[in-house]
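Within every chain, numbering begins at 1; the chains are lettered A, B, ... in the order of the sequence lines, protein sequences first and strands thereafter. These figures come from a predicted structure and were not determined experimentally.
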Amino acid sequence: MTDQYNPAEIEPKWQAKWDQDGLYQADIDPDKTKYYALTMLPYPSGDLHIGHWYAMTPSDARARYMRMNGYNVMFPIGFDAFGLPAEGAAIKHGIHPKKWTYANIDSMRAQLRSMGAMWDWRREAVSSDVKYYYWTEWFFIQLYKHGLAYRKHSTVNWCPSCNTTLANEQVWGDDRHCERCKTPVIQKDMQQWFFRTTNYADELLDFSDMDWSDQVRRLQTNWIGRSEGASVVFRTVPEADGDNGGDPIEIFTTRPDTLWGATFMVLAPEHPLVDKITTAENHENVAAYKEQAARQSDIQRSSVDKEKTGVFTGGYAINPVNQARIPIWIADYVMMGYGTGAIMAVPAHDERDFAFARKYDLEIIPVIQPEGEAFIGATMKEAYVGPGLMINSAHFNGVEISEEKGQANPGIAAVSDWLEEKGVGKADVSYKLRDWLISRQRYWGAPIPMIYCEQCGWNPVPEDGLPVVLPDDVEWLPTGESPLKLHPNWKNTTCPECGGPAERETDTMDTFMCSSWYHLRYLSPDYDKGPFDPEEYDYWMPVDIYTGGIEHATMHLIYTRFFHKAMRDFGITKGKEPMTQLRNQGMVLGEDGEKMSKSRGNVIAPDELVEAYGADTIRAYLMFFARWDRGGPWDSQGIEGSVRWVHRIWRFFADGRPELQSQNKDLEHSLRRKLHQILKQVTHDFENFEFNTIISSLMELLNEMYAARDAGGVGADVWAEVTDLYLRMAAPVIPHVTEELWERLGKPYSIHVQSWPTVDEEAIKVDEFTLIVQVNGKLRDRISVAVGIGEDEACEAALASEAVQRFVDGKELRRVIYIEGRLINIVV
RNA sequence: GCCGAAGUGGCGGAACUGGCAGACGCGCGCGACUCAAACUCGCGUUCCUUUGAGGAUUGUGGGUUCGAUUCCCACCUUCGGCACCA
């Protein structure tokens, strides 16, 4: 065995053999503990990115590690194949999205195979296959039947470039741009389909028994944005123009304790009651303000620094706690999309209301008095938002308001209870989370299986009428409008209620709907009696480890949890959560430290790297070069270190054991110690997804192995143990070269079905150790002493050191701190 | 403004529970091999003073401790998320 390491030869060879032998096929085995390892599925853009490698190969290595630990590991893969880029290609190059998508999938399959990952390709699922989206439609109908899918007219985010609506989660950044194409979104009033994600807001905040990264938990928690407070109903006052008033205006407040200080109300300009309460003499002003607010983009409108503006409607409301008659204004600092789109304004205790009141000369009544300070009075210079005692608040005067938020604050709780007793309000909770808008005005997506009939309204396609199949014969106009709308007859159908002529919904579903359940389709991608085979579900679910990018924290990772919980409530899925453990990798940046992009010209192409170095080396480098959860810039110099490592492994095994002159027991002993120390370390690091130190440990051990070999004296037994364990430890990282070397050692195929080695604690034990000697906390010497020596002996040994004496000599010994087996600190 | 993370040699990073700072690797320097170069191998590589030896050092400044990259306080910088959220 003297030939050179040639990955171009051995990698395809083993990939083909593994495939042929079905080495990575995972089937139900009741005798083994299952382990469902899932990595986020790629979109078939046409080219595998180094980012895919970064996400997938460490996930694969970990799945392999779990398999060697005796788990029955399922590691599936598929494609999130619906979506806008396919239509972009259709519009730009005249290629049908289906053709474009499936051609891309074909080429990406080959690219994915070059990673040498342990995917069970039999379980591949493609979300644009009819056999897949059949069930995406079916799930929609389940949501509809249970009242979680509904149609609503509202102001929605519209991407003018993608020509479609977007969910709130898909609008990013200060300029509120489209998550996909970065174009700033505009507002549009439309009828659209929504899912009631808000029904699950509270449950989605519960992360107990979940091993998810703190970051994702925090992002989701912020996104859901729960606030405790109270809802209170104010009523309008009859005005001279004949309106008899009494219309309820519900508001939400986190500070019901300040209700007595509410001196005016503010409605969002879009609030449905605005026109009704506006008096004739204010009509012109109000109309002008509404128009101006509508023209403003969300960015302008939500700028914090902007001076508050508003106009008086002429209407008044009665404050239900004290019957005060207060004016109703409209202002664009109140948002229709949060709470009820109406607020009570308490200028004394809210900064925004304060600024507004000062500007328009509205009344300010303080109702919270800071304890131990002078009466804050009406001359206050700024709103007081701290704790204190209630004043000007009838029988609540003197009640203490602590700094606690929500019902945890006894004062707030007391007021809330009283509101409920009086029938004017109640303790309530508000969320920033909004219902999930799933309608997309696009062709290449799962059809929304709904039918509209003039007589009967909206009805779902009967389940035996599923799937609603996308027509192939579609054309795109240069405007980019959805071709489903323009199709001559696809939308024509009959009403499932009355049998009369009716029309299909021509919008399709957000692709996040497809990806909310792909982990279920992997269970049985060809199953046709339901979305998945229940037997497979019962064995494999839930997902044991889910890996993927952090960018999905508030989109996919919220949607899929919502989906699972809703389906659980319908009796379709089981358990609290779909994925019990989640880890997120960082991002590989270009060599310039910037995000990789074609326009910057800093893209690293994995195919070229495979050709130049082989997959094993890339895998090793991606695991080594940065902390996996952080990522960092690619370094084409740095990969040379991994190249050398793999070559050094190859050479070590190729050269074999030199002829033994005389056995060196001490050397064998220390080599075995290193081996098992490293095994312990690598095991720990695999458990904790610390991939970079796995590689450095393996490098360290290899260096030691070379040194021991060159020193001579390693006998056959120890040599066999070291080489065997080394290959096993490296196998998850570099599966091809280890398989090849394993075979060349004459070991039974395959290394990937071997067990993970166990640490020999005896081997790690030492009878001497290096005692760290400090004087006044500073390192002065290191001395070798016997294990288990006591403090007195250690101290004696330390004081015997010349280096120590230099610092101790002539000084009074004040204290000695001895940490057994580690260190002694002499304080003088 | 709010929530959070990070800051360690020229670079990526390591240090698991408060106990040897800089593992491992890149790069660089010197040497061996070579006619030569590449590869490979060996040695060195935080900074400062330096003969020996010592001093300083984990963003900055304090604190706790025998001892702090690690814990606490304040500040600076960078990054991520949210943001007129009532």
Side-chain angles (χ1 to χ4, degrees), chain A residues 172-174 214-223 225-227 229 251-255 258 262 266 268 301-308 331-335 337-346 349-353 355-356 430-433 550-551 553-554 586 620-621 624-627 629-642 644-645 647-648 651 680-681 684-685 688 690 692-703 706 710 770-782 803 806-807 814-819 821-828:
Chain A
W172 287 29
D174 291 342
D214 288 343
Q215 198 188 356
V216 171
R217 293 154 76 129
R218 194 165 45 243
L219 289 175
Q220 294 202 348
T221 303
N222 284 346
W223 187 260
R226 184 180 197 272
S227 304
I251 59 109
F252 174 79
T253 177
T254 52
R255 296 291 304 275
T258 64
V266 187
R301 198 170 150 176
S302 62
S303 158
V304 186
D305 310 325
K306 204 189 80 175
E307 200 180 336
K308 312 230 166 329
D332 61 11
Y333 78 91
V334 176
M335 307 287 156
Y338 179 76
T340 60
I343 62 160
M344 66 162 185
V346 184
H349 305 291
D350 180 278
E351 280 157 23
R352 292 153 304 172
D353 298 345
F356 195 83
S430 184
Y431 303 91
K432 288 188 213 173
L433 182 73
I550 190 78
E551 67 273 17
T554 54
Y621 182 60
F624 176 67
F625 89 105
R627 270 183 59 160
D629 56 355
R630 243 180 261 169
W634 179 263
D635 182 358
S636 49
Q637 218 43 285
I639 194 172
E640 293 299 335
S642 303
R644 281 175 206 145
W645 177 54
H647 276 89
R648 273 166 64 78
R651 245 191 354 266
K680 197 171 187 174
Q681 177 75 46
H684 169 272
D685 290 346
N688 294 286
E690 291 166 13
N692 56 339
T693 44
I694 290 173
I695 313 297
S696 57
S697 294
L698 290 173
M699 287 173 170
E700 209 180 322
L701 177 56
L702 186 66
N703 291 345
Y706 264 100
D710 294 346
T770 307
L771 179 72
I772 306 306
V773 184
Q774 296 182 336
V775 179
N776 289 345
K778 282 194 199 251
L779 175 74
R780 293 305 174 190
D781 205 359
R782 295 158 202 195
R806 235 191 339 266
F807 292 92
R814 285 184 32 203
R815 197 173 158 190
V816 173
I817 287 121
Y818 178 61
I819 309 292
R822 278 178 193 264
L823 156 150
I824 187 160
N825 187 11
I826 297 163
V827 186
V828 292

Query raised in the report: Counting side-chain heavy atoms from CB outward, which of B:rG25, B:rA86, B:rG27 is closest to A:Asn703?
Result: B:rG25
Query raised in the report: Once each nucleotide of nucleotides 15-23 of chain B is scored for protein heavy atoms under 4.0 Å, what B/S/- sequence comes out, 5' to 3'?
Result: -B--BBS-B
Report task. Could you tell me the separation between the CD1 atom of A:Ile639 and the C1' atom of B:rG27, rounded to a whole number of Å? Result -> 16 Å
Report task. Report, as yes or no, whether the 6.0 Å neighbourhood of atom CD on A:Glu551 holds more than 12 heavy atoms from other residues, nucleotides or ligands. Result -> yes
Query raised in the report: For B:rG80, does the glycosidic angle fall within 90° of 0 (syn) or outside that (anti)?
Result: anti
**Report entry** Which nucleotide in B:rC85, B:rG13, B:rC26 has an atom nearest any side-chain atom of A:Arg352
**Finding:** B:rC85
Report task. In sequence, state the C-alpha distance, the side-chain angles, and the governing distance for A:Met344 and A:Thr253, and then conclude on side chain to side chain contact (heavy atoms under 4.5 Å, CB included). Result -> CA-CA 8 Å; A:Met344 66 162 185; A:Thr253 177; 3.4 Å; yes
Report task. Take nucleotides 41-59 of chain B nucleotide by nucleotide from the 5' end and write B, S or -, depending on whether a protein heavy atom sits under 4.0 Å from the base, only from the sugar-phosphate, or from neither. Result -> S-----------SSSS---
Query raised in the report: Is the Lys NZ or Arg CZ of A:Arg780 less than 6.0 Å from the centre of A:Phe807's six-membered ring, within 45° of the axis?
Result: yes
Requested in this report: Kindly express the pairing pattern of RNA chain B in dot-bracket notation, using | wherever a base pairs with another strand and counting only Watson-Crick or G-U pairs under 3.5 Å.
Outcome: (((((((..(((......[....)))((((((.......))))))((((...))))..(((((..]....))))))))))))....
Requested in this report: Kindly say whether, by distance alone, the side chain of A:Lys432 makes a donor-acceptor pair under 3.5 Å with the base of B:rC85?
Outcome: no
Requested in this report: Measure from CZ on A:Arg217 to C1' on B:rG81 and round the result to the nearest Å.
Outcome: 17 Å
Query raised in the report: Residues in salt bridge (Lys or Arg N to Asp or Glu O under 4.0 Å) with A:Arg630, at least two apart?
Result: none
Query raised in the report: B:rA86 phosphate, OP1 or OP2: any side-chain N/O from A:Tyr338 under 4.0 angstrom?
Result: yes
Report summary line: A:Tyr333 has its side chain closest, among B:rC26, B:rC84, B:rA86, to B:rC84
**Report entry** Test side-chain hydrogen bond (donor to acceptor under 3.5 Å, both in side chains) applied to A:Thr693 - qualifying residues, sequence neighbours left out
**Finding:** A:Asp685
**Report entry** Contacts of A:Asn825 that satisfy side-chain hydrogen bond (donor to acceptor under 3.5 Å, both in side chains) - sequence neighbours left out
**Finding:** none
